[in-house]
Amino acid sequence: MTAAFPSHTAAFAPGRVNLIGEHTDYNDGLALPFAIDEGVHVSATATGEVTIHARALDLDESDSYALGGEAPSPGGWRDFVRGVTAELAAAGLPVRGAALEIHGTIPRGAGLSSSAALEVSLALALLALADADVVPPWPLARICSRVENDWVGAQTGLLDQLASLCGREHTAMRIDFRSGVIEPVPLQLGEWRLVTLDSGVGHSHAQSGYNGRRRECAQACEQLGISSLRELEPAMLERLPPPLDARARHVFEENARVDAAVDALARGDLAELGRLLERSHASLRDLYEVSVPEVNATVARALDAGAAGARMMGGGFGGQVLALMPPGTPAPAGALEVRPGAGARVLER
Ligand code: GLA
């Protein structure tokens, strides 16, 4: 008897906001993201062929290729689709020929993880179409992140994919990238609001200084003889030459800020959360050096408008700024309010 495969599936995966804990994920550190309502929708219809026909509805572009014959494209969204089918198969998961339709509501390259949302949504729709067993968040995040690493050329960590997969309404998540533990952290903002502001500078992790920062962290570990910067002790910093000492110090202090933010949220001390956002930004700007003048100007604009704290968000070198607005303080023009939404899900199978 042959299995009764679905003929059509659909999935949705959200983008994410990272409250605090930046450039810590690939250092076995801590982060505090949440999934947002905006994301990427993928529908998959079985074709009975061994090919993928994909359409990016927002761009009015398409791509067709044979499963098993994936090759990198000249760049853009096609690499994500080709990478997802190739990496699912490489992980021993079933992939069926399909016509895919992709539609997104997150601005691309804005630092809200449109790429992770695309990978996760594609993976969920394709796995549902093959009637595959549910793949747990960590292994699925790793498969999706291999698409970024090996198909797109960005040596990113697992923050974005995990946030997209594990999102919950009204809840941020404290992710410990060393132990693998993901703890829900209620995000009760009352009359306070979190908003994102576009710096106007797009970014691409494959082309920015992101991979260079990751290399510097690996060099720092090598020089100290530790396996990750999570093992760093402050006394070790003086054994590192610049700029490795500054990079390592950022990671060490940013991990501590994640736990300070979790404590501040538990106490309902949102003014303290704002101060932590500011310190995180100063560290990303001065120690990790991943901010750019336009992003710093956007942070200043948010603070001038009365934000209790604001910082660059994501990999850096452009993208969005996150700002915390106190009760009764209007957000600056063009700001988008963000709140924690549900994680990635199969919508039809
Ligand atoms: C990007 C990457 C993540 C993470 C952040 C920085 O969003 O995709 O893995 O490294 O930058 O915190």
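Just so you know, ligand 1 is whichever comes first in the structure, and atom 1 is the first atom listed for that ligand.
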Tell me which donor-acceptor pairs under 3.5 Å the side chains of residues 93-104 have, and how far apart each pair is, sequence neighbours excluded?
{"residue": "R96", "atom": "NH1", "partner": "P6", "partner atom": "O", "Å": "3.0"}
{"residue": "R96", "atom": "NH1", "partner": "L129", "partner atom": "O", "Å": "2.8"}
{"residue": "H103", "atom": "ND1", "partner": "D58", "partner atom": "OD1", "Å": "2.7"}

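In this structure, the ring of Y65 has its center no less than 6.0 angstrom from the ring center of H53.
A 4.5 Å side-chain heavy-atom check between V185 and M173 finds every atom pair outside the cut-off.
E253 has a carboxylate O that lies under 4.0 Å from a charged side-chain N of R249, or vice versa, which qualifies the two as a salt bridge.
Grouped by direct or indirect side-chain proximity (heavy atoms under 4.5 Å, Ile/Leu/Val/Met/Phe/Trp/Tyr only), M325 sits with V195.
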Pairs under 3.5 angstrom, nitrogen or oxygen on both sides, ligand 1 versus protein: list them out, please.
{"residue": "ligand 1", "atom": "7 (O)", "partner": "R16", "partner atom": "NH2", "Å": "3.0"}
{"residue": "ligand 1", "atom": "7 (O)", "partner": "D160", "partner atom": "OD1", "Å": "3.3"}
{"residue": "ligand 1", "atom": "7 (O)", "partner": "D160", "partner atom": "OD2", "Å": "3.0"}
{"residue": "ligand 1", "atom": "8 (O)", "partner": "D160", "partner atom": "OD2", "Å": "2.5"}
{"residue": "ligand 1", "atom": "9 (O)", "partner": "D25", "partner atom": "OD2", "Å": "2.5"}
{"residue": "ligand 1", "atom": "9 (O)", "partner": "G157", "partner atom": "N", "Å": "2.9"}
{"residue": "ligand 1", "atom": "10 (O)", "partner": "D25", "partner atom": "OD1", "Å": "2.8"}
{"residue": "ligand 1", "atom": "10 (O)", "partner": "D25", "partner atom": "OD2", "Å": "3.4"}
{"residue": "ligand 1", "atom": "10 (O)", "partner": "Y210", "partner atom": "OH", "Å": "2.5"}
{"residue": "ligand 1", "atom": "11 (O)", "partner": "G315", "partner atom": "N", "Å": "3.1"}
{"residue": "ligand 1", "atom": "12 (O)", "partner": "E22", "partner atom": "OE1", "Å": "2.7"}
{"residue": "ligand 1", "atom": "12 (O)", "partner": "H23", "partner atom": "N", "Å": "2.7"}

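In this structure, R239 has no salt bridge (Lys or Arg N to Asp or Glu O under 4.0 Å) partners at least two apart in sequence or on a different chain.
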